J.: 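I'd like to ask you about the structure that follows.
Here the structure is a predicted model, which means the values were calculated and not measured.
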Amino acid sequence: MINDKNILTVEGLMDYTGFSQKQIYKLTSTRAIPHYKPSGRKLFFKKNEIDEWITLGKVKTLKELGDE
C-alpha cells in the first residue's frame with residue numbers, strides 16, 4: 001500500500017510537502033497533522049488527509065473578500 005503513494009512515510013511526506021523531518025515530528029507531536037502509528041513507532045500519513053489538511057489554511061483572494 002505504501003508503494004501506491006496513498007500512504008506516505010515521513011520521508012514521503014518530506015518529498016510531498018517540502019517540510020523538514022523536524023517540522024513533521026513537531027506537527028505530529030502537537031497533533032496538528034493527521035497521522036497513524038500502527039506499531040507505536042513508525043509514522044504514516046494518508047495522502048488525501050494531508051491534502052485536506054493543507055487546504056484548511058486557504059487565504060482568500062481580494063476578489064473573494066470583495067464578493068462577500
Side-chain angles (χ1 to χ4, degrees):
M1 194 165 180
I2 293 170
N3 292 335
D4 66 10
K5 302 296 182 201
N6 289 324
I7 302 292
L8 302 170
T9 60
V10 171
E11 294 78 15
L13 188 61
M14 289 169 58
D15 291 340
Y16 185 63
T17 62
F19 292 161
S20 70
Q21 185 177 25
K22 184 177 178 179
Q23 287 174 304
I24 292 169
Y25 284 130
K26 184 173 183 176
L27 289 168
T28 58
S29 70
T30 59
R31 297 178 183 240
I33 191 170
H35 63 283
Y36 298 85
K37 287 174 70 171
S39 65
R41 292 192 50 93
K42 190 159 175 97
L43 291 167
F44 296 95
F45 307 85
K46 286 186 178 180
K47 186 176 175 288
N48 64 326
E49 290 179 352
I50 297 303
D51 290 341
E52 289 176 19
W53 177 78
I54 288 170
T55 59
L56 286 175
K58 182 180 186 234
V59 177
K60 292 182 180 182
T61 64
L62 290 175
K63 181 175 178 358
E64 289 171 330
L65 290 172
D67 291 345
E68 290 181 346

J.: How long is the gap from CD1 on Ile7 to CD on Glu49, to the nearest 0.5 Å?
T.: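 Ile7 atom CD1 to Glu49 atom CD measures 8.0 Å (nearest 0.5 Å).
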J.: Test Tyr16 against Asp51 for side chain to side chain contact (heavy atoms under 4.5 Å, CB included), laying out the working first.
T.: CA-CA 10 Å; Tyr16 185 63; Asp51 290 341; 2.3 Å; yes
J.: What are the two closest heavy atoms between Phe44 and Pro38, and how far apart are they?
T.: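 For Phe44 and Pro38, the tightest heavy-atom pair comes out as CD1-CD, 3.6 Å.
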J.: Strictly by salt bridge (charged side-chain N to carboxylate O under 4.0 Å, His left out), give each pair with a member in residues 7-23 just once, sequence neighbours left out.
T.: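 Listed once each, the pairs would be none.
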J.: Once rounded to the nearest 0.5 Å, what's the spacing between atom CD1 of Ile33 and atom CG of Leu13?
T.: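 Nearest 0.5 Å value for the CD1-CG distance: 5.0 Å.
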J.: Write out all pairs satisfying salt bridge (charged side-chain N to carboxylate O under 4.0 Å, His left out) with one or both partners inside residues 24-38, taking only residues at least two apart or from two chains.
T.: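 Matches after skipping sequence neighbours: none remain.
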J.: Taking only residues two or more places apart in sequence or in another chain, which ones pass salt bridge (charged side-chain N to carboxylate O under 4.0 Å, His left out) with Lys60?
T.: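 Counting only residues at least two positions away or on another chain, Lys60 forms a salt bridge (charged side-chain N to carboxylate O under 4.0 Å, His left out) with Glu68.
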J.: What distance separates Leu27 CG from Trp53 CH2, expressed to the nearest 0.5 Å?
T.: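 It comes to 4.5 Å.
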J.: Could you tell me whether Leu65 atom CG has more than 12 heavy atoms of other residues or ligands within 6.0 Å of it?
T.: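 Yes.
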J.: The criterion is salt bridge (charged side-chain N to carboxylate O under 4.0 Å, His left out); which residues satisfy it with Glu64, sequence neighbours excluded?
T.: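 For Glu64, the residues satisfying salt bridge (charged side-chain N to carboxylate O under 4.0 Å, His left out) (neighbours in sequence not counted) are Lys58.
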J.: Any chance you could measure His35, atom NE2, to Leu8, atom CG, to the nearest 0.5 Å?
T.: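 Here the rounded value is 14.0 Å.
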J.: Applying salt bridge (charged side-chain N to carboxylate O under 4.0 Å, His left out), can you list everything that pairs with Lys46, at least two apart in sequence or on another chain?
T.: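 Listed in chain order: nothing, the list is empty.
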J.: Would you give the length of the straight line joining atom CD1 of Ile50 to atom OG1 of Thr55, rounded to the nearest 0.5 angstrom?
T.: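 These two atoms lie 11.0 Å from each other.
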J.: Got a sec, which residues hit side chain to side chain contact (heavy atoms under 4.5 Å, CB included) with Ser39, two or more places apart in sequence or on another chain?
T.: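 For Ser39, the residues satisfying side chain to side chain contact (heavy atoms under 4.5 Å, CB included) (neighbours in sequence not counted) are Arg41, Lys42.
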